[in-house]
Amino acid sequence: MTNHTPHPNGMLSLRKEHLYKVLVIGDLGVGKTSIIRRYVHQTFSSNYRATIGVDFALKVLNWDSETVRVQLWDIAGQERFGNMTRVYYREAMGALIVFDVMRPTTFEAVIKWKEDLDSKVMLANGQSIATVLLANKCDQGRELSNNGIKMDQFCRDHGFVGWFETSAKTKSSQPIPPPEL
């Protein structure tokens, strides 16, 4: 999409716009809403209520003459068991699957979330959408960096493009470097 916007000197400039739908999914209580609110609004609260169904947030990024709108779909943790996810997932370009580092069962559920995602949405070329794994709540003292090589292998085995340790509370995100070759 191209948008014509007035330039300060009175001339019209062409501004290219892109819209990307990104899903944020994972079990109930892993911090999906907190991550989104931290990213979009730079806020954190420990008092969020469980998302019912789906919620949305929009992050607008500007680069040179381009505007990128990232539409973040906050899918409720229990939705994997419902029939609406196919509708929610439609036209997504990417996904974040979140687990809570303090609750191992939420990590075990990651594979089921990824399988559900892959069975319901794909890119026009038939490929799976790019999916990143987020290990959330690392501020609570349990970091996975020591298991980085295992996590890298897990991501390769299950079709994730990579993983990050995150904390919506402390505003941290640690990209995990690739293993030494």
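Side chains included, hydrogens not; waters and symmetry mates left out as well; all remaining heavy atoms used.
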First locate atom [atom1] of [X], then atom [atom2] of [Y], and finally report the distance between them rounded to the nearest 0.5 Å.
X	Y	atom1	atom2	value
Asp27	Lys112	CG	NZ	9.5 Å
Ile35	Asp74	CD1	CG	9.5 Å
Lys114	Cys155	NZ	SG	10.0 Å
Ile129	Leu123	CD1	CG	7.0 Å
Arg69	Glu17	CZ	CD	4.5 Å
Met151	Phe160	CE	CZ	8.5 Å

Of all residues at least two apart in sequence or in a different chain, which pass the side-chain contact (heavy atoms from CB on, under 4.5 Å) check with [X]?
X	value
Met122	none
Val40	Ile36, Ala57, Lys59, Leu72
Asp64	none
Ser119	Asp116

[X] and [Y]: which non-hydrogen atoms are nearest, and at how many Å?
X	Y	answer
Gly29	Lys32	N-NZ, 4.5 Å
Arg38	Lys169	NH2-O, 3.0 Å
Ala135	Val101	CB-CG1, 3.6 Å
Trp113	Gly26	CZ2-O, 3.2 Å
Ser128	Asp118	OG-OD1, 3.5 Å

Looking at residues at least two apart in the chain, or sitting in another chain, which of them share a side-chain hydrogen bond (donor to acceptor under 3.5 Å, both in side chains) with [X]?
X	result
Lys21	none
Gln71	Trp73
Glu108	none

Quiz item: Per the side-chain contact (heavy atoms from CB on, under 4.5 Å) rule, which among Val98, Val110, Ile97 passes with Ile25?
Solution: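 Result: among Val98, Val110, Ile97, Ile97 is the only option passing the side-chain contact (heavy atoms from CB on, under 4.5 Å) with Ile25.
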
Exercise. Apply the test side chain to side chain contact (heavy atoms under 4.5 Å, CB included) to residues Arg90 and Val121: give CA-CA distance (whole Å), side-chain angles for both, the deciding distance (0.1 Å), then the verdict.
Key: CA-CA 6 Å; Arg90 188 177 299 141; Val121 67; over 6 Å; no

Hey, are the side chains of [X] and [Y] touching, using non-hydrogen atoms and a 4.5 Å cut-off?
X	Y	value
Leu23	Tyr89	yes
Val68	Tyr20	yes
Asn136	Val30	no

Grouping I, L, V, M, F, W and Y whenever their side-chain heavy atoms are under 4.5 Å apart, do [X] and [Y] come out in a common cluster?
X	Y	result
Ile75	Leu58	no
Val161	Trp163	yes
Val60	Trp63	no
Leu19	Val87	no

Quiz item: Taking only residues two or more places apart in sequence, or in another chain, which ones meet Phe154 in a ring-ring contact (aromatic ring centres under 6.0 Å, His included)?
Solution: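 Per chain and number, Phe154 pairs via ring-ring contact (aromatic ring centres under 6.0 Å, His included) with Phe107, His158.
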
Quiz prompt | side chain to side chain contact (heavy atoms under 4.5 Å, CB included) between Phe164 and Val132, worked out | solution = CA-CA 8 Å; Phe164 294 88; Val132 174; 3.6 Å; yes

Quiz item: Would you call Asp100 and Lys137 a salt bridge, using N to O less than 4.0 angstrom?
Solution: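 Yes.
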
Exercise. Kindly indicate, with the supporting measurements, whether the criterion side chain to side chain donor-acceptor pair (under 3.5 Å) is fulfilled by Asp157 and Gln153.
Key: CA-CA 6 Å; Asp157 291 347; Gln153 187 62 50; 2.7 Å; yes

